[in-house]
Each structure stands twice: as C-alpha cells, then as structure tokens.
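To keep things clear, I will list the structure first and then write my remarks on it.
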Amino acid sequence: MTTKDAGSQTLPVADSAAVPRLFHRLHGALGPQSWWPAESAFEVLVGAVLTQNAAWRNVEQVIDGLRALDWMTPEAILAAPPKALAECLRPSGYYNVKSQRLRAACETWLALGGEAGIRSMETASARARLLEVKGLGPESVDDVLLYGFHRPVFVVDAYTRRIFSRIGLVSPRIGYDDLQALFHKALAPDVGQFNEFHALIVTIGKWYCRPRIPRCEACPLRDDCAHGLARDQRS
DNA sequence: CTCCTGAAAA
DNA sequence: TTTTCCGGAG
C-alpha cells in the first residue's frame, strides 16, 4: 500500500468487510425503513428535486399540493404557469430554482419516453442522460434509478459522508463517485439492500449522527465508530 | 467558495 | 435565536 493510492480517498485502515457488517447492525437495530414514499417513478423524481437541501416534512406539503392540483405528471407540470408552479413549490424552499429544475427534468423525462422509455434503458445510459439535466446531480439521479427504477445503484448523500468519515472508513472530503464506489465494491448489487441501507443511513444521520451535537451514547453504531469510541474515553 | 429559501426543531 | 434539512450550479 502506497501513501498516495492514485486518487482513492479511502483511508488505509478501510476494510470493506466493515460495510456489510454495519448494514446488518443498522438493520437489526432500526428495522425496515420502507422507502421511498412515492407512488410512481415520476414521483420519486419530483421528490428527489424538492428534497435537495430541504426537510422531507416540507417536501410532503408540496407533493400534496401538486396532487391536489392534479399536477403530478410531467405534462401537467410543463403546462402549469411557471409563476404558479413556483408558488406551489414554496414550502420546500429554493422554489425559484427548484421550479426550473423540475421543468428541465420533466422535459428530459418526456424526451426519453417517460417512465416506460427510461425503464427500457440500460442503467448507465439512463444515468448519463439524467445527469445532463441542469438541476439533477448524482444524488437526485441515483434516487430515481434506485427507488424509481429499482436499479442496483447505491445512493450517497451528506449523511453517508458524515457517518462513514466519523466511523473512520473514509476521508470527510471524499467525492461522490469514490464514496459510491466503496459501497459498490463492498456489497453485492442487491436493490433491496441498497434501498434499505441508504434509508437506514438517513435515519442515523438524522437522529444520532447529527452535524454539531451527535447523540453517540444512544447510536446503534457506537461500538463500530471511531468517533463514538473516542467519546467514551473522554468520559 | 457562495448562492438559492421556507419550515420547524433545537 | 440558531441550526438543520434525503443538493446542485456557478
């Protein structure tokens, strides 16, 4: 092992056997999370855009609002007056940028042949095409692929980076692709497990591995975590 | 790095 | 009152 491993931002101590072990620890402690709360692949796309740096609680308000207006289709969103659409998105924040991102996503969605068209595409090409949309970054696209189209793509987010860097497996500045690659190497391409694992990570990040004041004492990963163990020694 | 923004928890 | 939220573009 060299000191500079050609761009890999996984720490030298990283052992990928830890990854599946952490999954089973989480699943045993928290149980099934039953994600993603959506009724269609398109609704996953909508939720993915709306939840960008926004609490899901606020996203739900918008989703309910879109349903009430009968706007939960790409055609309806593109037909809606831009001003009215933005107003509808207000509760989820960044409503001006998100309304533009949503329409851009709807245009590409239809251009690709809608849900049926995208379902017929290879995962890699669907991912590449969706990433071209201004406003769809890797996390939003991977949400759609995993939760909307049941493709074995591991979703990475800020929680994943924070939790796994605190545990001591990766650098806190690791990039999206490198972090995703860690999971793809450590796990079999199992859609059910990818679904559950990411959902569990979100729950841990939200309730225990918080940014400023983590609740390490009660965290299910405490015994596997460098950060949690360091806290023990201080007390 | 900054900006985009409202809602609710802490 | 401050922090945080299932990010992404410029």
Side-chain angles (χ1 to χ4, degrees), chain A residues 23 26 30 32-39 41-66 82-109 127-149 151 153-166 172-180 183 191 193-218:
Chain A
F23 169 73
L26 284 174
L30 301 175
Q33 306 293 299
S34 25
W35 268 33
W36 176 293
E39 294 179 3
F42 178 72
E43 205 179 301
V44 174
L45 171 72
V46 173
V49 171
L50 296 178
T51 200
Q52 289 171 0
N53 206 38
W56 185 256
R57 174 188 310 279
N58 299 326
V59 174
E60 284 182 311
Q61 297 184 40
V62 176
I63 289 178
D64 290 344
L66 288 171
K83 195 70 186 292
L85 179 63
E87 278 308 311
C88 188
L89 302 193
R90 183 181 283 275
S92 68
Y94 308 125
Y95 53 93
N96 287 312
V97 292
K98 284 179 181 175
S99 61
Q100 296 190 105
R101 289 177 182 184
L102 198 48
R103 344 169 116 270
C106 286
E107 287 181 14
T108 296
W109 185 272
R127 189 173 195 272
R129 293 298 301 274
L130 290 171
L131 278 173
E132 290 174 10
V133 178
K134 294 298 181 188
L136 295 187
E139 186 186 338
S140 301
V141 168
D142 290 342
D143 277 333
V144 173
L145 292 173
L146 177 62
Y147 294 104
F149 291 99
R151 304 301 174 91
V153 174
F154 200 92
V155 177
V156 163
D157 62 356
Y159 291 133
T160 315
R161 190 172 293 102
R162 186 168 73 229
I163 293 167
F164 282 79
S165 63
R166 278 180 177 165
R173 293 183 314 188
I174 190 171
Y176 189 98
D177 293 341
D178 285 337
L179 186 51
Q180 182 179 56
F183 289 91
V191 170
Q193 188 183 39
F194 283 12
N195 176 322
E196 199 59 39
F197 205 164
H198 174 64
L200 287 163
I201 285 168
V202 171
T203 297
I204 287 292
K206 201 168 167 181
W207 294 105
Y208 301 99
C209 201
R210 304 165 65 79
R212 279 168 63 85
I213 309 173
R215 297 166 179 159
C216 297
E217 324 78 45

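Residue numbers start from 1 in every chain, and the chains themselves are labelled A, B, ... in the order their sequence lines are given, proteins ahead of strands. Everything numeric here is computed off the predicted structure, so don't read it as measured data.
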For a 4.5 angstrom cut-off between non-hydrogen side-chain atoms, does [X] reach [Y]?
{"X": "A:Y176", "Y": "A:T160", "result": "no"}
{"X": "A:L26", "Y": "A:F197", "result": "yes"}
{"X": "A:E43", "Y": "A:I63", "result": "yes"}
{"X": "A:C106", "Y": "A:F42", "result": "yes"}
{"X": "A:Y147", "Y": "A:H198", "result": "yes"}
{"X": "A:I174", "Y": "A:R161", "result": "yes"}

Taking A:K134 for the side chain and A:A104 for the main chain, is one N or O donor matched with an acceptor at less than 3.5 Å? no
So, for A:F149 and A:W36, is the gap between ring centers shorter than 6.0 Å? no
Would A:F183 and A:F164 count as a close aromatic pair, with their ring centres under 6.0 Å? yes
Taking only side-chain N and O atoms of [X], does any of them lie within less than 4.0 angstrom of OP1 or OP2 on [N]?
{"X": "A:Q61", "N": "B:dG6", "value": "no"}
{"X": "A:R57", "N": "B:dA7", "value": "no"}
{"X": "A:Y95", "N": "B:dG6", "value": "yes"}
{"X": "A:K98", "N": "B:dC4", "value": "no"}

Charged N to carboxylate O below 4.0 Å: is that the case for A:D142 and A:R127? yes
Polar atom pairs between nucleotides 8-10 of chain C and protein, under 3.5 Å, N or O only, would you list them?
residue : atom : partner : partner atom : Å
C:dG8   : OP1  : A:G137  : N            : 3.1
C:dG8   : OP1  : A:G137  : O            : 3.1
C:dG8   : OP1  : A:E139  : N            : 3.3
C:dG8   : OP1  : A:S140  : N            : 2.8
C:dG8   : OP1  : A:S140  : OG           : 2.9
C:dA9   : OP1  : A:G135  : N            : 3.0

How many Å lie between [atom1] on [X] and [atom2] on [N], as a whole number?
{"X": "A:N96", "N": "C:dG7", "atom1": "CG", "atom2": "P", "result": "20 Å"}
{"X": "A:N53", "N": "B:dT2", "atom1": "CG", "atom2": "C1'", "result": "13 Å"}
{"X": "A:Y94", "N": "B:dC4", "atom1": "OH", "atom2": "C1'", "result": "6 Å"}
{"X": "A:W56", "N": "B:dA8", "atom1": "CH2", "atom2": "P", "result": "16 Å"}
{"X": "A:R215", "N": "B:dA9", "atom1": "CZ", "atom2": "P", "result": "13 Å"}
{"X": "A:L89", "N": "B:dC4", "atom1": "CG", "atom2": "C1'", "result": "13 Å"}
{"X": "A:Q100", "N": "B:dT5", "atom1": "CD", "atom2": "C1'", "result": "14 Å"}
{"X": "A:N58", "N": "C:dG7", "atom1": "CG", "atom2": "C1'", "result": "15 Å"}

For atom [atom1], what is the distance between [N] and [M], given to the nearest Å?
{"N": "B:dT5", "M": "C:dT3", "atom1": "C1'", "answer": "15 Å"}
{"N": "C:dG10", "M": "B:dG6", "atom1": "C1'", "answer": "23 Å"}
{"N": "B:dA10", "M": "C:dC6", "atom1": "P", "answer": "12 Å"}
{"N": "C:dT4", "M": "B:dC4", "atom1": "C1'", "answer": "16 Å"}

Stem list for DNA chain C, please, built from Watson-Crick and G-U wobble pairs under 3.5 Å and keeping only runs of at least 3. B:1-4 with C:7-10, B:6-10 with C:1-5
A:N53 vs A:Y94, side-chain contact (heavy atoms from CB on, under 4.5 Å): CA-CA, chis, key distance, verdict: CA-CA 9 Å; A:N53 206 38; A:Y94 308 125; 2.8 Å; yes
Distance under 6.0 Å and angle within 45° of ring axis: A:R215 vs A:Y208: no
Tabulate atom names and distances for all N/O pairs under 3.5 angstrom spanning the protein and nucleotides 1-4 of chain C.
residue : atom : partner : partner atom : Å
C:dT4   : OP1  : A:R212  : N            : 3.2

Pick base, sugar-phosphate or nothing for A:V202, based on heavy-atom distances below 4.0 Å to the nucleic acid. base
